[in-house]
Amino acid sequence: MGKGKISVHTDNLLPIIKKWLYSDKDIFIRELVSNAQDAVSKLKKLSALGEATLSDGETFAIHVAVNKPAKTLTVSDNGIGMTEEEVEKYINQIAFSGAEEFMKRYEEEKDDQNRIIGHFGLGFYSAFMAAERVEIETLSYLPDATPVHWSSDGAVEYEITPGTRTERGTTITLHIAEDSTDYLEKHTVASVLGKYCRFLPVEIYLTDAEETVEPDENGEVPAQMPVNDTHPLWLKNPKDCTDEEYKDFYRKVFFDFNEPLFWIHLNVDFPFNLKGILYFPKLNHEFQTIEGQIKLYNNQVFIADNIKEVIPEYLMLLKGVIDCPDLPLNVSRSFLQNDGYVAKVSGHIVKKVSDKLNSLFKADRSAFEGYWDDINPFIKYGCMRDDKFYDRVKDILLFKKLDGSFVTLKEMQEQDKKEVYYVSDADAQAQYIALLKAEGEEPVLLNNMIDNHFISFLEYKINEVKFKRADAYVTGEAKEGDADKALAELFGACVPEGMKVEVQDLASDKVPAIITLPEEARRYEEMSRMFGQGGFTMPKTEETLVVNAKNALVQKISGVADEQTRDLICRQVYDIARLGHKDLSGDELTAFIQRSTEIMEKMI
C-alpha cells in the first residue's frame, strides 16, 4: 500500500485543452474578448477603490482587428494590463485564474457594474484552437511598469522578452492557422461577436486592415460605431421601460417581426442575481418552437442556448434572455453545473411565469382569453411536466366553448360537472354538437395535439371529472319493440360484422343515425395508431350505430316494399352516419357517390 501524487504532463494536456476544452470553436473569440472585458472591469474596480489613477474623461474600449494579408486576428484593450510577473503567473500556469485571485482579494467590495467574468484561467488557451502562434503585448497600470512581450506556438515552451507597448492594456495577436482562415474574414468575426458579445458592457470595435473609410462630404471621417449594445434592456428597471422598447428589443434579438403577446421582466437581486426578459410569442402553428430561443448570459456575455437546467423544457416555447452572473459554470463556460443553486434559479423563473399568468388573468380576463389560443399548448404541457406549475395555474386553465366564450376548470368544478363533452373538429362533428345542444349540453373545443394527453392528465388529477368526445354521446336506452327490433335487423345487415346497432329516440329528429364510440375505446385506438400497437393487442372496436326512431326518413324505411331499395337507403344512412364520425376511404366515398346518384334516379 502507498500514497502519491498523480503526475500531469503539460505536453499531453495542452493539445487536449486546445482541441476539447470547448464544444464550439467560435468560442475562442468570446473568451479573448471576455478576458479583455475583465481587464477593464478590474481597472475600474481598482480606480473606485483609489488604487489606480485614470485620466479625466477616460473611456474604455475593446478593439478587434482582422488582417488578412498578415494572417492575424488581434484583440486589444485598455484595461489593467500585466507585469512580467503576472504574465508568468496567469499565462504560463494553466488553470491559474487571475480573475479568481482578484475576486478573492476584493470579495468584500460588492460592485455589480464591474463583475469579473473569468474563473478558470483556461480561456486564453482557446486561442490555440485557431492560431498556430499567439503573441501578447501588455503594459500594466502600475506606475513603474515596463511593457512585456510573450510568445508561444502552443507547445509547452514560450518566450518572454521586453515589449513595445506604450499605453496601458493588453493586445493579443493570433497568427491564424491554415485550417482556420475563416477567422480572417470580417463578416465571420462580426457574426461571432454578434452571437457572444452583443451586449458586453464595454464597447467593441471591429476593423479590417483591407478596408478604408472614406471621408464624408465635409471631409470628416465618420466615427466608427461599436458592434455591441452596452446597456441591454434587461438591465433597466422595468418601470423605466416602454412597450415599444420591449417590442423593439424582441425584434432585434430574435428577428421575429410578429409582435409578442406579452412579456415578463425579471429583476431579482436576492437571494441571487437574476435579470432578464421572457416573451410569450404568437405561434404561427401549434408547437412552433426552435431549440434555444431562451438565451443564457453571464455578465452580459452569451453562454448558451441549450439551458434546460435553468429553463424547464416546457418553457422553451418562450423566447427571451436570462442574465445570471451567479450561475456555476463548468470550465468551458458553456454548460451549467447541475446543482441545487441552479434548481433554485429554475424554480424562481417558473414561479415568476406562473405569477405573471395569474396576474394577467385577474387584471384583465378578456385579454387573457385573447391570448389563450397561443399560450395554451405550453401551459398544458407545463402542467403535465411540473406538478408545482400545475398547482399554480390550475385555477386559470381555460376551456373554449363553441360560441367563443371561455370557462375555467375551476368554474366547471364549481358547477359540479361530472362529464365534460368536447369536440375536436367542430365542422366534422356538427351532428353530434346539435344533439348535445338539444340535450342542454355545452361542449368545449379541444383541438390541439396535446389535448388527448392533457384530459387524461386532468382526469388523473381530478377523479370526479371525466372528459368525453362528442361522438361518445349516448342518449338513452335502446328501444325493444318489435318494429324497433326489425329496424335494427335491417341496419344490422349493412354494418360490418361485430358492430352493434341500437334504435333510440335521439334528442333531435333531424339526424337519421349516428355512430358512437366510448371515450376509453377511442383513446385506446389513438394510442395504437401513435405507437404502432407497440407489441400489445388492442381491444376490438366498440362502435355502435344508433338509429334515430324519431327521424322521418327512418320511420319510412320499414314501409319500403322493394327490398333492394330498402337496403340501398339503409346503407346510405349508415354512410351518412360514418361521414359524421370519420372520413370515408377512397373506395367507400366512391360507393357513397354512386349510391347517391342511384337514389336520385329512383326519385325521378
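Being a predicted model, the structure only gives us computed values, none of them experimental. The residues of the chain are indexed from 1 along the displayed sequence.
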inquiry  = Are more than 12 heavy atoms, taken from residues, nucleotides or ligands other than Lys68, located less than 6.0 Å from that residue's NZ atom?
reply    =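 No - once you tally the heavy atoms of other residues, nucleotides and ligands closer than 6.0 Å, there are 12 at most.
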
Report the distance from atom [atom1] of [X] to atom [atom2] of [Y], rounding to the nearest 0.5 Å.
X	Y	atom1	atom2	answer
Asp153	Arg133	CG	CZ	8.5 Å
Leu174	Leu73	CG	CG	5.5 Å
His348	Asp355	NE2	CG	8.5 Å
Lys275	Lys236	NZ	NZ	14.5 Å
Lys356	Leu266	NZ	CG	10.5 Å

Is it the case that [X] and [Y] place a side-chain donor and acceptor less than 3.5 Å from each other?
X	Y	value
Tyr90	Glu85	no
Ser180	Lys25	yes
Thr207	Glu211	no
Tyr381	His453	no
Glu185	Tyr183	no
Asp323	Asn298	no

[X]-[Y] aromatic ring centre distance below 6.0 Å:
X	Y	answer
Tyr390	Phe457	yes
Tyr314	Phe378	no
Phe302	Phe199	no
Phe124	Trp150	yes
Tyr297	Trp234	yes

Is the shortest side-chain N to carboxylate O distance from [X] to [Y] below 4.0 Å?
X	Y	answer
Lys42	Asp38	no
Glu178	Lys71	yes
Asp26	Arg30	no
Asp256	Lys319	yes
Lys380	Asp451	yes

message = In terms of relative ring orientation, are Tyr250 and Tyr279 parallel, tilted or perpendicular, with 30° and 60° separating the classes?
response = tilted

task = For Asn228 and Cys197, work out which heavy atoms get closest and say how close.
result =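 Of all heavy-atom pairs spanning Asn228 and Cys197, the closest is CB-O, 3.3 Å.
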
request  = Work out which heavy atom in Ser354 is nearest to a heavy atom in Val393; give both atom names and the distance.
outcome  = CB-CG1, 3.9 Å

Reference residue Thr171; test side chain to side chain donor-acceptor pair (under 3.5 Å); the match among Arg165, Glu137, His63, Glu135 =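 It is Arg165, the one option of Arg165, Glu137, His63, Glu135 that forms the side chain to side chain donor-acceptor pair (under 3.5 Å) with Thr171.
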
query = In this structure, which one of Val301, Ile172, Val64 forms a side chain to side chain contact (heavy atoms under 4.5 Å, CB included) with Val33?
reply = Val64

